[in-house]
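Inspection log for the structure reproduced underneath, given as structure tokens.
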Protein chains: 2
Amino acid sequence: MGTAPDASGAPTVTIRDVAREAGVSHQTVSRVINGHSAVADATRHRVEAAIDLLGFRPNHAARELAGKAARSLTVLTSDTSLYGAASTLRGIEEAARAASFAVAVSVLDRHAHPDRAELRARLARPGEPVVVIAFDAPGVHALRLLPADTPVVAAVEHPSGSEPVSSRPQAWLDDRLAAAHATRHLLGLGHRTVHYLALPSSTADVAQRTQGWLDALRAAGAPEPPVVEGGWTPRTGYLAARELVADRSVTAVLCGNDDVAAGVMRAAREAGRHIPDDLSVAGFDDVPVAAFLAPALTTVRLDFEGLGRTCFGLLHRLLDPAAPAPDPCDEPALIVRESTGPWHGAGE
Amino acid sequence: MGTAPDASGAPTVTIRDVAREAGVSHQTVSRVINGHSAVADATRHRVEAAIDLLGFRPNHAARELAGKAARSLTVLTSDTSLYGAASTLRGIEEAARAASFAVAVSVLDRHAHPDRAELRARLARPGEPVVVIAFDAPGVHALRLLPADTPVVAAVEHPSGSEPVSSRPQAWLDDRLAAAHATRHLLGLGHRTVHYLALPSSTADVAQRTQGWLDALRAAGAPEPPVVEGGWTPRTGYLAARELVADRSVTAVLCGNDDVAAGVMRAAREAGRHIPDDLSVAGFDDVPVAAFLAPALTTVRLDFEGLGRTCFGLLHRLLDPAAPAPDPCDEPALIVRESTGPWHGAGE
DNA sequence: CGCGCCCGAGTGACCGGTCACATAGCCGCA
DNA sequence: TGCGGCTATGTGACCGGTCACTCGGGCGCG
């Protein structure tokens, strides 16, 4: 009968089995499953019935081998446990699944940068489409090393002017605007200036958040304190902030993300400073716990899932120009909570 | 020359090109790339040189089509932004990459349970190996619906006695012990009893954390308050706890995870209760921000990455009995911080 | 010295799709 | 009525590996 049970017990049914069942040629079956138009309705229905009856499922490997593009992509990211990366991944997966693409994940080491060979090995086949979540240095580095023949889209902190990164499609959130929002909010509360505790920069360029912060400072004619470099985690925020919060002239701190802000708030408490009366703290991302911290964190909500969906959309269009244009992401939104408050001057 | 550049510009080099270059047959090349023993050293070296020279990379699709098992697996999980699931995924990916398996991710909707057909569609090919992160109902549901012929390993909250879930290999952390640890700690501080704010249960059975909590309560002869059902997020913890913390006889609350605990702590503050003097709160997981909350959260650290590695190891052995046994996970470890404190009775 | 065996290597079919091309039937139109 | 062209379908090769065989030659052994 041609459909002998294989080792796992499941009978493997091929298009030729379906063809025999429907009384047509295997090619006609191929046309039906690919939605080709030149098939008579009656024939199409017969084939579809046979497919249902036999429980036929096309074999991806065979299809790919025969030259059809595989509907799959690989996401290269450096740390899936960080909120931004995890949410972006979710967005990619969601959009990809809707377009019936399979999503593979490959996690980059935060410290050991892979070389070209390793990167190629992670990609399974040459030409495998890739989305790089390049918020940090390992991601940007990987983006740089990706072979020229791979279709690549990057989620970046900001569009880079430096080659060859800029030659590939990119998506980003308006971090500059987000930072400016938050900074203006703090200045509007009466703070003389705002200190900025930055995330590790992904490139040599000035980060967009830093830029937005400077934009707002300059627009207000406020002093520009030096940027403090931190990390991604609460711990690094805590460590970096201990010095900062000991300085009573620092009255408002903008943090690279909400996790860092949590660390900063702790350092502030330990230094005997009271938030927000005595010190204002704001973050970025609006992680789920932000609203429940003590005090609840003022932050800028960033649409990472939308960013992920956009990345997939861009990649899809790269592979198939007929694919629909991706929906735009939400604009960054300042969420004012309890961790920022008015400043009435040192004398108060 | 047989290696005409394809559309993307990359010349496709096959096993036969390598064979020609090395002056051997294509089968010998196949033997070399599969590490087959019956190849003379001189021949092997010649072939390897040809592979390097030509930059040959085996074609996965062809290999799979020809009957070789694909080194890939799919992770089915319901929410990659939750710490436990994200960390488990990381562990799986890490171990899988070390064994050169590709990892695909498919995210289950928290509310809409997929049917068999949808699940099959997510799996690309019949027989695709799967790891299900089944900490919650959608995961357990998916586990139940997976076709019998797919190799499946599940990361579960606890081993289930109910068929057919139990017939598949499973890995779990010792949640019962973890809960007992935390409960004993609280009872040891002088609390008359401990209230438990549970996660949504994944099955009809009594959850292991609930069980461990009851174990400790019973061993101490403490009263057994009813379990309060909550969710996974800070918000659900906050909402569920508002009633609980209004009751002054509640002096210690164990929360299903750290996120929930953060919500509970907020509800407690709003109710005018002071942690830990007035109310003790503990969680599970030890998320990165736990140590930086106000107050720093007492919690039980769980080795989710180890769990993920174990899951992969189990799956690997399922596919290839010669694969090495996975390393054991770390035991749950109680991390005492500031959110739990002694209770001296209502009179104090 | 002759036989059989094993090692190293080669040959051709096959996996399950797709593609390019061939072909039969039907229509309209000159 | 004959012919071109279109539509619906069939035929066979091919993608790049692997598998089951075949085959030749060197060696040990009786």
Pick out the pairs of N or O atoms, protein on one side and nucleotides 4-7 of chain C on the other, that lie under 3.5 Å.
none

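- Ring geometry for F101(B) against F312(B) counts as perpendicular: the plane angle is over 60°, on a 0 to 90° scale with 30° as the lower cut.
- Put simply, the side chain of D79(B) does not reach to within 4.5 Å of the side chain of V107(B), judged on heavy atoms.
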Contact pattern, 5' to 3', of nucleotides 11-20 of chain D - B, S or - by protein heavy atom under 4.0 Å: BB--BBBBBB
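- V152(B) places a side-chain heavy atom less than 4.5 Å from the side chain of V132(B).
- Counting heavy atoms from C-beta on, the side chains of V140(A) and D136(A) never come closer than 4.5 Å.
- Atom CZ of R20(B) and atom C1' of dG10(C) are 16 Å apart (whole Å).
- Judged by distance alone, the side chains of T150(B) and E128(B) never bring a donor and an acceptor atom under 3.5 Å apart.
- A donor-acceptor pair shorter than 3.5 Å cannot be found between the side chains of E305(B) and S87(B).
- The closest side-chain heavy-atom distance from P169(A) to R317(A) is not below 4.5 Å.
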Working for salt bridge (charged side-chain N to carboxylate O under 4.0 Å, His left out), residues E94(B) and R90(B): CA-CA 6 Å; E94(B) 186 188 316; R90(B) 258 180 75 96; 5.2 Å; no
